[in-house]
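Every number for a ligand or one of its atoms is a count from 1 in the order of the listing.
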Amino acid sequence: MSALLNTDPEIANAIYQEESRQSTVLEMIASENYASKAVLEAVGSVLTNKYSEGYPGARYYNGNYVVDEVERLARSRAKDLFGADHANLQPHSGAQANLAAYLALLNPGDTVMGLKLDSGGHLTHGSPVNASGKIYNFVSYEVDKESHLVDYESMLAQAKNTRPKLIIVGATAYPRVWDFERARHIANEIGAVLLADIAHISGLVAAKVHPTPVGHAQVITSSTHKTLRGPRGGIILCDEDYRKRINSGVFPGTQGGPMMHVIAGKAVMLKEANTTEFKNYAQQVVLNAKHLATHLIDGGFNLVTGGTDNHLLLLDIRDRGITGREAANALEKAGIVCNFNSVPFDDRPVREGGGIRLGTPAITSRGLKTEHMSLVANWITRALHDVNNEDELKVISQEITTLLNEFATPGIA
Ligand code: DSN
């Protein structure tokens, strides 16, 4: 970074500081990961200089023969990895992918059904403060009050009752497997289109450790930086019948020029994700999450749904006399970074949260295995035993640094 250090030492130093932070904490935000050095190099390349509104072979600017190849490669790798008819790599994020898909499939005011926010749904699935909730008439389905599993019977009843044009399956805080086939049957019953937002689980789907929505959902959206371990961005997969509409929904519908440097990073990620090494990684992500869940349950924690099938755990801590925010802040002091989160049927304000969400994608990229999960559970238990015990939080953070010194940080060192 010598050029950056000369030109702008403040920003260069901020990047060094962030590299150090990412290397010295247990990164357990379920939606974060470590992109590889190869991905980072692609994103930091001269492709950022190119304007390429349009699609390969049909651009609005000249000089695109190189980036056309980059985007074609990314597209064909995505189709191959997921077995989809079509892939659009241009969405700047998962939220942009959803907005573009809505524009492609709906008219303003149309009814759409998504998972309720405190059941694990995402802001872009109809929150009143998001464009989705302002432009479309969102109705929601919930998880079951007892099991906290998605209740497909009530999804069907709600679908028949409200007749949405689009049904969205997918979540930001749901620790179990989705039944995409069943959701498609429900959509078919009322003539709705099914959209699967697999932002959290796309890496697990790519590695076949979670069932695929391909063949069930006509349109699939995702971000590219979570379990997929790529650069920050979005992707849309769809059936051939939806190709033109989806492409128009992205450009010119909701975006201008694509970020070709990021699309190059996505292409690299898609190559990396189509390897045995990545499949092993994704399996380990789930194994680590399951082991961590078992240790935390043994330690007396209340896990939403009683465990996990994927990369994330949702701890309901309402019985511990602290808020999710207080828990997440104490964990950060102890060197464990996660986020506070609502839990199903939460009686706490969203800004406080009745729980915390923990994920294993980044710590698995770092190299932690099942045998380390009892240590992680023990650190979490000790930190949350007394969130005001600063001395204990410091001791935990030192123990974590000692363990992490044994592991390189992907993309950094
Ligand atoms: N912010 C992402 C997450 O943490 O799940 C979703 O957009």
Side-chain angles (χ1 to χ4, degrees), residues 22 25-35 91-102 114-133 138 140 143 150 168-178 195-205 210 213 220-236 254-255 262 266 269 285-286 289 304-305 308-315 324-325 327-329 331-332 336-344 346 350-365:
Q22 290 187 15
V25 296
L26 270 187
E27 184 47 75
M28 299 197 71
I29 291 179
S31 47
E32 292 188 6
N33 214 329
Y34 295 104
H92 299 328
S93 68
Q96 288 293 122
N98 282 346
L99 193 61
Y102 299 157
L115 184 63
K116 207 173 165 194
L117 201 62
D118 78 2
S119 282
H122 190 247
L123 273 178
T124 59
H125 299 174
S127 163
V129 296
N130 182 260
S132 57
F138 264 84
S140 50
V143 293
V150 167
I168 301 168
V169 283
T172 188
Y174 184 65
R176 297 294 180 177
V177 161
W178 285 89
L195 183 153
D197 178 344
I198 59 167
H200 265 262
I201 55 171
S202 46
L204 309 183
V205 169
H210 185 292
I220 298 162
T221 59
S222 180
S223 47
T224 49
H225 47 271
K226 297 186 173 92
T227 45
L228 266 179
R229 217 161 54 177
R232 192 152 291 274
I235 181 173
I236 306 179
T254 49
Q255 293 188 174
V262 179
K266 291 173 187 173
M269 167 274 284
V285 166
V286 176
V304 172
T305 77
T308 182
D309 295 325
N310 59 23
H311 64 298
L312 73 82
L313 297 77
L314 200 51
L315 272 59
R325 182 190 285 272
N329 285 345
L331 286 170
E332 185 173 5
I336 301 169
V337 183
C338 69
N339 65 283
F340 63 91
N341 217 97
S342 295
V343 294
D346 209 331
V350 175
R351 284 169 192 272
E352 296 299 330
I356 54 169
R357 190 185 64 165
L358 297 163
T360 53
I363 59 170
T364 308
S365 292

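Remark: side-chain polar atoms of Thr172 are not paired, donor with acceptor, to backbone N or O of Gly121 under 3.5 angstrom.
Atom 6 (C) of ligand 1 has its closest protein heavy atom at His122 NE2, 3.2 Å. For atom 1 (N) of ligand 1, the closest non-hydrogen atom on the protein side is Ser31 OG, 4.5 Å.
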For the pair Asn130 and Thr124, evaluate side-chain hydrogen bond (donor to acceptor under 3.5 Å, both in side chains) and give the outcome as yes or no after the intermediate values. CA-CA 6 Å; Asn130 182 260; Thr124 59; 5.5 Å; no
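For the pair Glu32 and ligand 1, no heavy-atom separation below 4.0 Å is found.
Taking both residues in full, the closest heavy atoms of Ala327 and Ile356 are given as CB-CG2, 3.9 Å, listed atom of the first, atom of the second, then distance.
Residues Lys226 and Pro361 are not in side-chain contact: their nearest non-hydrogen atoms beyond the backbone lie 4.5 Å or more apart.
The distance from the OG1 atom of Thr227 to the CG atom of Asn310 is 9.0 Å, given to the nearest 0.5 Å.
Listed by number with element, the atoms of ligand 1 under 4.0 Å from a non-hydrogen atom of Arg357 are 3 (C), 4 (O), 5 (O). Applying the 4.0 Å criterion to heavy atoms of His200 picks out, from ligand 1, the atoms 3 (C), 5 (O).
Among Thr172, Asp197, Asn341, the residue whose heavy atom lies closest to atom 5 (O) of ligand 1 is Thr172.
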